[in-house]
Amino acid sequence: MKTHLQTLINHALQHLQTEGALAGVELPAIPVERSRDRTHGDFASSIALVLAKTARCKPLNLAERIAAALPVSERIAKIEIAGPGFINFFLTADAYQAVVREILDQGEAFGRSTLGGGQRVQVEFVSANPTGPLHVGHGRGAAFGATVANLLEAVGYQVHREYYVNDAGRQMNILAASIWLRYLEHCGESFRFPSNGYRGEYVRELAARLYAEQGSAYVTSAAQAFQDLPQDEIHDEDGNLITPGDQEAHIDGLVERARVLLGDHHYRYIFELGLNTIIDDIRDDLREFGVVYDHWYSERTLEERGAVNKTIQRLRDVGQVYEREGALWFRSTAFGDEKDRVMQRENGQTTYFASDIAYHLEKFERGFDGVIDVWGADHHGYVPRVKGALQALGENPARLDVLLVQFAILYRNGERVQMSTRSGDFVTLRELRHEVGNDAARFFYVMRKSEQHLDFDLDLAKSQSRDNPVYYIQYAHARVCSVLRQLQEKGFSRDEPRGRDHLALLTESHEETLLIVLARYPEVVEAAALNHEPHQLAQYLRELANAFHTYYNEHRVLVSDDALRDARLNLSLATRQVIRNGLNLLGVSAPEAM
RNA sequence: GCGCCCGUAGCUCAGUUGGAUAGAGUGUCGGCCUCCGAAGCCGAAGGUCGUGGGUUCAAGUCCCGCCGGGCGCGCCA
């Protein structure tokens with residue numbers, strides 16, 4: 001409809017030009033948008049306001065002339081000039097009603113488009129380290145990333161969903177050492193657990209499993225394990241420093257000690273046990289959450305292939321790497337970063353940053369037209385250095401789009417649920433899903449703008465009332481299903497073609513409102529997809545549900561007049577279809593009964 | 001201190017990429033079931049869009065300065 005109006009206006013402008021008006025005026029893109037206020041019609045164009053200055057005439061006057069020159073269209077009932085010079089378009093009832101036919105014809109395809117032209121886009125999201133179960137913060141990234149991917153797919157992009165598994169880094173070694181230490185405890189050794197070790201309960205479970213599989217074959221004395229290590233930094237429960245030391249050196253020393261005492265074979269065994277168990281758990285967790293990936297990309301394969309070293313070499317070749325204090329630095333300040341960054345530590349280990357550059361370079365080389373990363377907002381400082389490195393390597397950093405997602409804060413009984421990663425005391429995604437259900441979790445996570453902090457009200461998410469937007473929307477869907485059941489109980493039958501033939505009977509104002517909301521759906525999907533803003537769709541679905549509930553409350557669907565009944569049934573079915581399509585993109589179920 | 005994000009109704013948030021008289025939900029108050037699901041609907045009240053300038057036909061939206069909040073500023077990830 002928008003493009004139709006733009007075409008009409010364009011015709012009018014060209015007509016005016018051939019008449020000699022608007023001589024020498026360059027025609028801009030023609031603005032057409034939906035009116036916010038019904039009294040301003042359905043669509044409005046501010047073209048006269050935009051052109052007034054260059055055309056050197058009054059906007060109102062210009063609007064009149066454009067309106068007069070508009071070709072007739074059977075979809076337009078009335079054109080008005082209003083305000084400072086807006087051209088308002090009022091659609092015919094027939095143009096409203098046509099959307100019902102369109103929805104019924106297209107079914108699940110309604111709202112989908114080919115806008116993206118099949119361009120390949122990669123969306124990488126969650127990518128949490130496999131050092132423990134996903135927590136509620138990761139959940140938001142999962143719901144958001146999955147929905148962005150769904151939306152892009154819906155508007156015609158070829159989407160590749162990927163999880164980057166950090167299975168090679170230092171953190172994984174710390175996990176392995178943590179499991180080993182818990183295992184030693186399990187076998188009766190006692191010592192102070194390192195402050196930088198992983199303290200979660202799951203580490204003890206992994207240790208118990210190691211014992212179940214291998215008995216005491218991996219035991220050494222605590223004295224041996226901790227002999228001559230750099231002093232750990234110790235705090236009391238309130239976080240006050242008790243004994244000064246170097247946490248990092250201590251834990252690195254422990255990792256090294258584990259390798260030596262266990263031997264390569266046994267060390268590998270623990271490492272793999274931890275990695276595989278946790279990554280399987282994460283995969284199951286996400287699958288249950290309706291989040292499925294095309295590829296789980298292993299950092300280790302990147303390293304084994306030599307891609308990390310090759311990337312460092314390439315940066316060296318372009319002169320952006322230097323050595324200082326025994327470490328290798330990337331000159332990211334040359335690309336707008338605040339300071340240069342280390343790629344290879346003094347001890348020879350490459351950093352997370354180094355493999356991340358290699359990974360992103362690899363993404364580009366795989367030929368995606370666009371690459372999207374979903375990160376926690378606390379990583380925002382990381383963006384300039386990754387983009388900088390890509391630029392240094394001759395790539396266009398604009399092809400990488402980093403979407404930042406703020407934390408979700410849980411509230412229960414009106415109070416903030418405290419969480420701290422350090423003590424291993426956090427709410428897992430799985431716990432959240434079990435508490436509020438997958439549907440509420442998926443919806444709540446994306447109902448706010450991603451860069452906005454999310455207050456996640458657990459009580460609201462669980463409540464089965466109109467306060468809860470998920471139930472409110474699902475209820476509208478279930479209501480239509482219920483009407484269909486009633487239809488049979490009342491001995492009516494449904495005649496869809498008859499309903500289509502009598503859409504003109506849908507003249508009530510509530511029907512008109514509902515029709516307009518339905519017609520907006522494809523525009524909403526498009527905007528939500530292109531702006532990477534799932535909340536727009538969530539917001540819209542609430543509005544649609546409201547339009548339906550209002551209508552339903554005011555008018556009966558199952559009236560005795562066959563033609564009217566069938567027309568209203570078609571309208572209801574169209575509503576159900578759009579709710580279903582929208583919820584499907586959000587990863588939320590559309591129940592037939594509740 | 002520097003960088004990024006955020007300040008809109010009591011609370012939680014939208015605001016169609018700069019459009020006309022700033023909107024929802026919730027909370028408060030008041031109405032609506034002999035009728036397809038009241039898990040619903042309607043109404044009232046509630047605002048200096050943090051603040052001061054600037055840009056233009058038009059600013060909640062763009063630019064600059066303040067005020068307030070969050071995050072980041074490791075040879076951690």
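Protein chains get the first letters and strands the later ones, always in sequence-line order, with residue 1 at the start of each. Keep in mind that this is a model prediction, so the values were computed, not measured.
- The side chain of A/K449 places no N or O atom within less than 4.0 Å of a non-bridging phosphate oxygen (OP1 or OP2) of B/C5.
- With both ends at atom P, the span from B/U26 to B/C41 equals 8 Å, rounded to whole Å.
- Heavy-atom distances to RNA chain B give each of A/V559 and A/Q406 a nearest nucleotide, and the one nearer the 5′ end belongs to A/Q406.
- Using a 4.0 Å heavy-atom cutoff across all strands shown, A/N88 reaches at least one base atom of the nucleic acid.
- Under the Watson-Crick or G-U wobble criterion, with both distances below 3.5 Å, B/G27 is left unpaired in every strand shown.
- Distances from the side chain of A/Q486 to the nucleotides B/C5, B/C36, B/C71 place B/C36 closest.
- In this structure, A/N468 atom CG and B/U12 atom C1' are separated by 14 Å, rounded to whole Å.
- Among B/A77, B/C42, B/G15, the nucleotide with an atom closest to any side-chain atom of A/N546 is B/C42.
- B/A38 is unpaired under the Watson-Crick or G-U wobble criterion, no partner having all donor-acceptor distances under 3.5 Å.
- Syn is the classification of B/C33, since its glycosidic angle stays within 90° of 0.
- Nucleotide B/G19 forms a Watson-Crick or G-U wobble pair with B/C57, both donor-acceptor distances falling under 3.5 Å.
- Within 4.0 Å of A/H380, counting heavy atoms only, lies at least one base atom of the nucleic acid.
- Using a 4.0 Å heavy-atom distance criterion, A/E543 is classed as making no nucleic acid contact.
- B/C49 and B/G15 have their C1' atoms separated by 11 Å, with the value rounded to a whole Å.
- Of the nucleotides present, B/U51 is the one that pairs with B/G65 by Watson-Crick or G-U wobble criteria, both distances under 3.5 Å.
- Across all strands shown, B/G1 forms a Watson-Crick or G-U wobble pair with B/C73, both key distances being under 3.5 Å.
- Proximity of A/I66 to A/L13: side-chain heavy atoms (C-beta onward) are separated by under 4.5 Å at one or more points.
- Straight-line distance from the CZ atom of A/R448 to the P atom of B/G70: 21 Å, rounded to whole Å.
- Rounded to whole Å, the C1' atom of B/G47 lies 8 Å from the corresponding atom of B/U8.
- In this structure, A/I372 and A/F125 have side chains that are not in contact, with every pair of non-hydrogen atoms separated by 4.5 Å or more.
- Across all strands, A/A52 comes closer than 4.0 Å to no nucleic acid atom at all (heavy-atom distances).
- Checking A/Y322 against A/D340 by side-chain atom types alone, a donor-acceptor pair falls below 3.5 Å.
- When rounded to the nearest whole Å, the span between OH of A/Y540 and P of B/G23 equals 21 Å.
- Annotation: B/G52 and B/A59 have their C1' atoms spaced 15 Å apart (nearest Å).
- Geometrically, A/R140 does not engage A/F407 in a cation-pi contact defined by less than 6.0 Å to the ring centre and at most 45° from the axis.
- For A/A44, counting side-chain heavy atoms from C-beta on, the closest listed nucleotide (B/G15, B/A20, B/A77) is B/A20.
- Among the protein residues, A/H555 comes within range of the nucleic acid bases, having at least one heavy atom under 4.0 Å from a base atom.
- Here the separation of B/C5 from B/U21, taken at their C1' atoms, is 32 Å to the nearest Å.
- A/Y382 comes within 4.0 angstrom of a base, heavy atoms only.
- In this pair, A/F86 does not lay its aromatic ring on the base of B/G19; centres under 5.5 Å and planes under 30 degrees do not both hold.
- Atoms NZ (A/K339) and P (B/G3) sit 14 Å apart, rounded to a whole Å.
- Residue A/E451 is classed as a sugar-phosphate contact, given heavy-atom separations below 4.0 Å to backbone atoms only.
- B/G23 atom P lies 15 Å from atom CZ of A/R38, rounded to whole Å.
- Inter-residue side-chain proximity for A/V470 and A/M447 is flagged as unmet; no heavy-atom pair is nearer than 4.5 Å.
- The aromatic rings of A/Y540 and A/Y521 sit tilted relative to each other, their planes meeting at an angle between 30° and 60°.
- Looking at A/E248, its side chain comes within 3.5 Å of the base of B/G74 through a donor and an acceptor atom.
- When each of B/C73, B/G72, B/A20 is scored by its nearest atom to the side-chain atoms of A/A82, the top-ranked nucleotide is B/A20.
- There is no side-chain donor-acceptor pair under 3.5 Å between A/D37 and A/S35.
- Among the protein residues, A/R34 comes within range of the nucleic acid bases, having at least one heavy atom under 4.0 Å from a base atom.
- Within 4.0 Å (heavy atoms only), A/S46 reaches at least one base atom of the nucleic acid.
- Across all strands shown, A/N347 has no heavy atoms under 4.0 Å from either base or sugar-phosphate atoms.
- Residue A/H535 is classed as a sugar-phosphate contact, given heavy-atom separations below 4.0 Å to backbone atoms only.
- At whole-Å resolution of the value, CG in A/L51 and P in B/G19 are 17 Å apart.
- Comparing B/G19 with B/U51, their C1' atoms sit 25 Å apart, to the nearest whole Å.
- If you measure from atom CD1 of A/I47 to atom P of B/G18, you get 16 Å, rounded to the nearest angstrom.
- Between the side chains of A/R479 and A/H549, at least one donor N or O sits under 3.5 Å from an acceptor N or O.
- The shortest side-chain heavy-atom distance between A/P130 and A/M172 falls under the 4.5 Å cut-off.
- Straight-line distance from the OH atom of A/Y475 to the C1' atom of B/C36: 10 Å, rounded to whole Å.
- Relative to the side chain of A/Q452, the nucleotides B/G25, B/A77, B/G7 differ in distance, and B/G7 lies closest.
- Among the nucleotides B/A20, B/A77, B/C75, the one closest to the side chain of A/V342 is B/C75.
- Residue whose closest nucleotide on RNA chain B sits further toward the 5' end, between A/V32 and A/Q344: A/V32.
- Among the protein residues, A/V50 comes within range of the nucleic acid bases, having at least one heavy atom under 4.0 Å from a base atom.
- For A/D455, taking side-chain heavy atoms from C-beta onward, the closest of the listed nucleotides B/C41, B/A77, B/U12 is B/U12.
- For A/R568, no side-chain nitrogen or oxygen approaches OP1 or OP2 of B/C36 to under 4.0 Å.
- Proximity of the aromatic rings of A/Y297 and A/Y163 is defined here by a centroid distance below 6.0 angstrom, and this criterion is not met.
- Here the separation of B/G7 from B/C62, taken at their P atoms, is 10 Å to the nearest Å.
- Proximity note for A/P84 (side chain, C-beta onward) versus B/G19, B/G74, B/A77: the nearest is B/G19.
- The side chain of A/N553 lies closest to B/C41 when the candidates are B/G3, B/C41, B/G15.
- Distances from the side chain of A/R170 to the nucleotides B/A77, B/G3, B/C6 place B/A77 closest.
- At a threshold of 4.0 angstrom between heavy atoms, the contacts of A/Y552 include nucleobase atoms, whether or not backbone atoms are also involved.
- As rounded to the nearest Å, B/A22 and B/U48 have P atoms that lie 13 Å from one another.
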